[in-house]
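Following: one structure in structure tokens, then a few remarks.
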Amino acid sequence: MTGLLGPAEIRELAARLGVTPTKKLGQNFVHDPNTVRRIVTTAGLTPDDVALEVGPGLGSLTLALLPVAAHVHAVELDPALAAALPETAARFAGEAAGRLTVHPADALRVTAADLADPAPTALVANLPYNVAVPVVLHLLAELPTLRHGLVMVQKEVADRLVAGPGSKVYGIPSVKLAWYARSRAAGKVPPNVFWPVPNVDSGLVAFTRREPPRPDVPRQAVFAVVDAAFAQRRKTLRAALAGWAGGADRAAAALAAAGVDPSARGESLTVEQFAAIAASAPGGSVAEQ
């Protein structure tokens, strides 16, 4: 059975490696075995899943993933941590350590080719707070093989990711994640399971990939509308989309063609409605975006 890292093991590993968690890299290491067990259980991995972990750090979650996944890709930006992870896996995971591939890389720059053998099917990660949303959206765009996932992020970010239209925290991350997947809140994680202890709670977000709501409309075109709508979220869509459409009247015409009230605001629209607006763009607007 795989051993897991508790507070003593985390401190010992960090001291041996000369590692001090940094805010720059958003490092907060999980030292509670029950928390990583809960994450892996909630992720619902099957024996044929290939897990992708971003920011494995000292290996707490990695060790819990290795016995239950067919393979684990671990993407780690910190060179010292990336170099040490295979040894930690060999020490604590036994034969399951052979299922691990460590990628010393920036998760915002990894490509499908980097992670092709075998291709990841599930994202399971304790994501660095400062890049959580860009990482999730980049990986969903870059890795069509990702079918589902569970990520731990700052609670405030978790709330934004799963928010629906009409919510006060509904915004760009909510809509863009909804383009790729159905998501749900999967629980809260207290600060005391981390070292160092953050001053905020964390939240779990589960997602399952779905087909885009409008496969006939380019994702980039839809996201351009979303960005414009929320850049000036207090304005009506007629005003907020004026720059995107080439004028307020052209924005109003596109909104009317999409069946959207020009006096509405972005926080009231579904991802399907944003896609309809993109599809109704005035001549040339979609291509230019």
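Nothing here was measured: the structure is a model prediction, and the numbers come from that model.
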(request) Kindly indicate whether the side chain of Arg11, heavy atoms from C-beta on, has any atom under 4.5 Å from the side chain of Trp195. (result) yes
(request) Verify the neighbour count for atom CZ of Arg16: are there more than 12 heavy atoms of other residues, nucleotides or ligands below 6.0 Å? (result) yes
(message) So Val54 and Val151, do their side chains get closer than 4.5 Å, heavy atoms only?
(response) no
(message) Could you check whether any side-chain N or O of Arg160 sits under 3.5 Å from a backbone N or O of Ser174, counting only pairs where one atom can act as donor and the other as acceptor?
(response) no
(request) Verify, without hydrogens or angle tests, whether Thr35 (side chain) and His31 (backbone) share a donor-acceptor contact under 3.5 angstrom. (result) no
(request) Look only at the side chain of Gln232 and the backbone of Ala239, and say whether a donor-acceptor pair between them is shorter than 3.5 Å. (result) no
(message) With salt bridge (Lys or Arg N to Asp or Glu O under 4.0 Å) as the criterion, how do Glu53 and Arg99 come out once you've worked through the C-alpha distance, each side chain's angles and the decisive distance to 0.1 Å?
(response) CA-CA 13 Å; Glu53 183 186 6; Arg99 303 174 186 173; over 6 Å; no
(message) Within the supplied structure, the quantity of interest is the number of heavy atoms (other residues, nucleotides, ligands) at a distance under 6.0 Å from Arg109 CZ; does it exceed 12?
(response) no
(request) Mind telling me whether Phe230 and Phe274 have parallel, tilted or perpendicular rings, with 30° and 60° as the class edges? (result) tilted
(message) Side chains of Tyr170 and Ser268: any donor to acceptor distance under 3.5 Å?
(response) no
(request) Could you walk me through whether Asp261 and Leu255 pass the side chain to side chain contact (heavy atoms under 4.5 Å, CB included) test, one step at a time? (result) CA-CA 7 Å; Asp261 182 354; Leu255 289 161; over 6 Å; no
(request) Starting at OG1 of Thr41, measure out to CZ of Arg37 and round the result to the nearest 0.5 Å. (result) 9.0 Å
(message) Taking side-chain contact (heavy atoms from CB on, under 4.5 Å) as the definition, give me every residue that meets it alongside Val68, ordered by chain and number, with sequence neighbours left out.
(response) Val40, Leu45
(message) Would the distance check show the side chain of Asp114 and the main-chain N or O of Thr111 forming a donor-acceptor pair, the cut-off being under 3.5 Å?
(response) yes
(request) Dump the intermediate steps for side chain to side chain contact (heavy atoms under 4.5 Å, CB included) on Leu13 and Arg91, then the final yes or no. (result) CA-CA 12 Å; Leu13 275 172; Arg91 177 180 168 190; 4.1 Å; yes
(request) Have a look at Leu177 and tell me which of Val271, Val136, Val133 forms a side chain to side chain contact (heavy atoms under 4.5 Å, CB included) with it. (result) Val136
(message) Can you tell me how far apart CG (Asn130) and CD (Gln154) are? Round to the nearest 0.5 Å.
(response) 10.0 Å
(request) Flag the pair Leu5 / Phe29 as yes when at least one side-chain heavy-atom distance between them is below 4.5 Å, and no otherwise. (result) no
(request) State the CG-CD distance between Leu108 and Glu142, to the nearest 0.5 angstrom. (result) 11.5 Å
(message) Could you measure the distance from the CG atom of Asp201 to the CG atom of Asn192? Nearest 0.5 Å is fine.
(response) 9.5 Å
(request) Considering non-hydrogen atoms only, spot the tightest contact between Ser60 and Leu4 and give its length. (result) O-CD2, 4.3 Å
(request) For the pair Thr121 (side chain) and Leu146 (backbone), establish whether a donor and an acceptor sit closer than 3.5 Å, ignoring hydrogens and angles. (result) no
(request) Measure the OG1-CZ distance between Thr236 and Arg265 for me, rounded to the nearest 0.5 Å. (result) 6.5 Å
(message) Side chains of His71 and Thr101: any donor to acceptor distance under 3.5 Å?
(response) yes
(request) Check whether any side-chain N or O of Asn126 sits under 3.5 Å from a backbone N or O of Asn28 as a donor-acceptor pair, and report yes or no. (result) yes
(message) Under 3.5 Å, is there a donor on one side chain and an acceptor on the other for Asp49 and His148?
(response) yes
(message) Check the orientation of His103 and His73. Use parallel for under 30°, tilted for 30 to 60°, and perpendicular for over 60°.
(response) tilted
(message) For Arg219 and Tyr180, which I'm curious about, is there any donor-acceptor pair between the side chains at under 3.5 Å?
(response) yes
(message) Measuring from atom CG of Leu115 to atom OG1 of Thr145, what distance do you get when rounded to the nearest 0.5 angstrom?
(response) 8.5 Å
(request) May I ask you to say whether Lys176 pairs ionically with Asp227, meaning some side-chain N is under 4.0 Å from a carboxylate O? (result) yes
(message) Between Arg210 and Glu272 (salt bridge meaning N to carboxylate O under 4.0 Å), is one present in this structure?
(response) yes
(request) Could you tell me whether Glu87 atom CD has more than 12 heavy atoms of other residues or ligands within 6.0 Å of it? (result) no
